[in-house]
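As the structure lists them, so they are numbered: ligands from 1, and atoms in each ligand from 1. Note that the coordinates shown come from a computational prediction; the quantities given were computed from them, not determined experimentally. Throughout, numbering of the chain's residues begins at 1 and tracks the sequence.
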Amino acid sequence: MSDLAARFRKLWDEIAPIGRDAGSGGYLRYSLTEPELRLRDWFRDQAEQRGMPVTEDGNGNLFAWWGDPEAGDAVLTGSHFDSVPHGGAYDGPLGVVSALLAVDELRDAGVTPVRPLAVGAFVEEEGARFGVPCLGSRLLTGALPAERAAVLRDADGVSFAEALGGAPAGARPELLGRFRSFVELHVEQGRALADTPDAVAVASAIWPHGRWRFDFAGEGNHAGTTRMADRRDPMLTYAFTVLAANKEARLRGAHATVGRVSVEPNATNAIPSRVTGWLDARAAEPDTLTGLVEAVHDKAIERARRDGTGVTLTEESATPLVAFDGGLADRLAALLDAPVLPTGAGHDAGVLAGHLPTAMLFVRNPTGVSHSPAESATDVDCAAGVAALARVLGELTC
Ligand code: GLV
Ligand code: MN
Ligand code: MN
């Protein structure tokens with residue numbers, strides 16, 4: 001194992017147990033809960049060890065600075081610590097750990113950046129606790145008003161403002177204006193690199209995507225005594241809608257997933273009174289995405305009529321097509337001799353890309369699995385990611 005791979009492993013092992021569920025082997029690192037707060041403390045400690053002061057933006061995002069935080073013209077890197085329920089180890093933390101190690105690499109090489117370098121840890125990237133993905137970067141950029149974020153609630157009814165310990169600050173244009181560029185390193189979330197000689201790629205674009213909540217209302221009743229013909233069962237409308245989403249996505253070469261459902265009263269011997277399903281839909285083109293969601297909605301309405309149920313659709317978040325800065329992507333691809341790939345996954349980089357030149361580096365994932373305990377990357381590839389990030393940051397901060 002190379003020196004850098006060994007250093008990666010050593011730092012990685014410090015956080016590996018935090019928030020790990022012994023049963024699934026996956027991570028429960030919901031933002032601003034105990035495991036994620038421990039990771040944030042670990043981040044502060046690592047920054048302190050490197051003599052990097054940490055600032056917080058009033059929205060839950062942390063920044064560790066190499067150079068003067070007030071100077072402006074800074075290069076930002078980093079990612080997030082939070083996970084989806086029972087998620088993998090790499091999605092998020094890899095970008096933060098790699099950024100800290102890239103600072104070490106640059107220092108070991110005797111580099112003194114002309115511009116400040118900031119390592120960021122964004123809050124609630126997955127939206128697994130409060131429902132809106134990239135909540136921290138949306139707040140920082142003003143894409144989501146602070147008043148809306150403040151009242152988002154988790155499954156226990158705790159609001160984002162309560163979890164944060166106060167109302168979020170919202171848009172911070174003067175802070176955003178201090179960054180000249182952002183580079184987020186992330187584990188690849190498909191098999192695009194798995195069978196290639198390349199350990200690292202550069203991102204070209206993020207598919208437009210969003211989350212839609214379908215509420216199906218029916219009549220709660222007895223499972224044993226209610227005649228089949230008399231039922232108004234929202235589970236049927238829900239089930240049909242899930243199948244329709246899959247079919248409509250396949251027809252369009254798009255992606256549709258219903259990965260979360262809630263049922264009332266959730267009893268084996270009761271016909272549900274209400275079912276809520278969350279649709280995650282993504283497509284390469286915005287019109288395809290709009291057409292997909294409309295088609296699924298139409299199918300749900302048609303089925304609800306047959307089932308005697310009601311259906312309402314609510315958009316919970318929407319992220320437009322992100323085309324990363326072409327000049328920057330080409331520059332990094334040439335510097336690293338790396339391929340350029342689009343992705344269907346969302347990232348804080350996608351939000352920041354609307355405000356400053358932004359790029360992403362992807363590290364090879366041998367299984368291509370993500371948002372699952374099976375997500376993986378080898379130490380050797382992670383070290384290649386750190387080395388690539390250090391080269392990029394060295395170039396951008398000069
Ligand atoms: C975030 O990882 C997403 O794409 O949902
Ligand atoms: Mn993710
Ligand atoms: Mn991520």
Side-chain angles (χ1 to χ4, degrees), residues 15 19 26-31 36 39 43 60-61 76-99 119-138 143-144 182-190 192 201 203 205-213 249 254-260 278-284 289 315-322 324 341-353 358-365 367-377 382 385 389:
I15 62 165
Y27 287 88
L28 295 165
R29 290 169 169 170
Y30 297 108
S31 55
E36 208 244 4
L39 289 163
F43 177 75
N61 303 313
L76 175 64
T77 185
S79 192
H80 61 97
F81 282 124
D82 64 306
S83 73
V84 298
H86 302 277
Y90 294 85
D91 179 353
L94 183 63
V96 183
V97 169
S98 299
V119 177
F122 287 93
V123 74
E124 184 72 350
E125 192 272 350
E126 299 289 5
R129 182 168 179 197
F130 294 102
V132 176
C134 301
L135 188 60
S137 53
R138 285 184 208 264
L144 184 75
F182 176 42
V183 181
E184 180 173 0
L185 178 145
H186 205 277
V187 68
E188 220 276 291
Q189 294 175 286
I206 299 181
W207 282 16
H209 58 281
R211 297 177 182 194
W212 290 264
R213 192 182 74 237
H255 293 173
T257 308
V258 181
R260 180 179 163 205
W278 281 263
L279 171 72
D280 177 309
R282 311 184 189 216
L289 180 61
E315 180 185 282
E316 291 202 336
S317 70
T319 305
L321 172 70
V322 174
F324 287 114
L341 313 170
T343 179
H347 300 284
D348 292 308
V351 177
L352 265 66
T358 296
M360 289 193 76
L361 301 183
F362 293 133
V363 172
R364 179 164 50 196
N365 176 341
T367 59
V369 174
S370 189
H371 285 184
S372 144
E375 182 180 84
S376 72
C382 291
L389 183 62

Say you draw a straight line from CG of Leu135 to CG of Leu144; how long is it, rounded to the nearest 0.5 Å?
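Reported value, rounded in 0.5 Å steps: 6.0 Å.
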For the OH atom of Tyr90 and the CG atom of Asn365, what is their distance to the nearest 0.5 Å?
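Answer for the OH-CG pair, Tyr90 versus Asn365, is 9.5 Å.
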I'd like to know if the Mn ion (ligand 3) has an N/O/S atom from Asp91 within less than 2.8 Å of it, counting both backbone and side-chain atoms.
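Looking at Asp91, which is the residue asked about, there is an N, O or S atom under 2.8 Å from the Mn ion (ligand 3).
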Under 2.8 Å from the Mn ion (ligand 3), is there an N/O/S atom belonging to His347?
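Not a single backbone or side-chain N, O or S atom of His347 is under 2.8 Å from the Mn ion (ligand 3).
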N/O/S atom name from Glu126 that is nearest to the position of the Mn ion (ligand 2):
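The closest N, O or S atom of Glu126 to the Mn ion (ligand 2) is OE2.
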Ligand-side contact atoms (ligand 1) for residue partner [X], heavy atom cut-off under 4.0 Å:
| X | value |
| --- | --- |
| Ala345 | 4 (O) |
| His371 | 1 (C), 2 (O), 3 (C), 5 (O) |
| Glu126 | 1 (C), 2 (O) |
| Gly346 | 1 (C), 2 (O), 3 (C), 4 (O) |

Mind checking whether His255 and Trp207 have parallel, tilted or perpendicular rings, split at 30° and 60°?
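The arrangement is tilted - the two ring planes meet at 30° to 60°.
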Below 30° counts as parallel, above 60° as perpendicular, anything between as tilted: where do the rings of His347 and Phe362 land?
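His347 vs Phe362 ring planes: tilted.
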Considering only non-hydrogen protein atoms, determine which one is nearest to atom 5 (O) of ligand 1 and report residue, atom name and distance to 0.1 Å.
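Answer, as residue, atom name and distance: Arg282 NH2, 2.8 Å.
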Quick one, Ser79 and Glu125 - any side-chain contact, counting heavy atoms below 4.5 Å?
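Ser79 does not reach Glu125 side chain to side chain.
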Short N-O contact, Glu36 and Arg29, less than 4.0 angstrom:
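Arg29 and Glu36: not salt-bridged.
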Angular separation of His186 NE2 and His80 NE2 about the Mn ion (ligand 3), given to 10°:
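It rounds to 130°.
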I want to know if ligand 1 touches Gln189 in the polar sense, i.e. an N/O pair below 3.5 angstrom.
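No.
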Carefully, step by step, assess Ser31 and Phe130 under the rule side-chain contact (heavy atoms from CB on, under 4.5 Å).
CA-CA 9 Å; Ser31 55; Phe130 294 102; 4.2 Å; yes
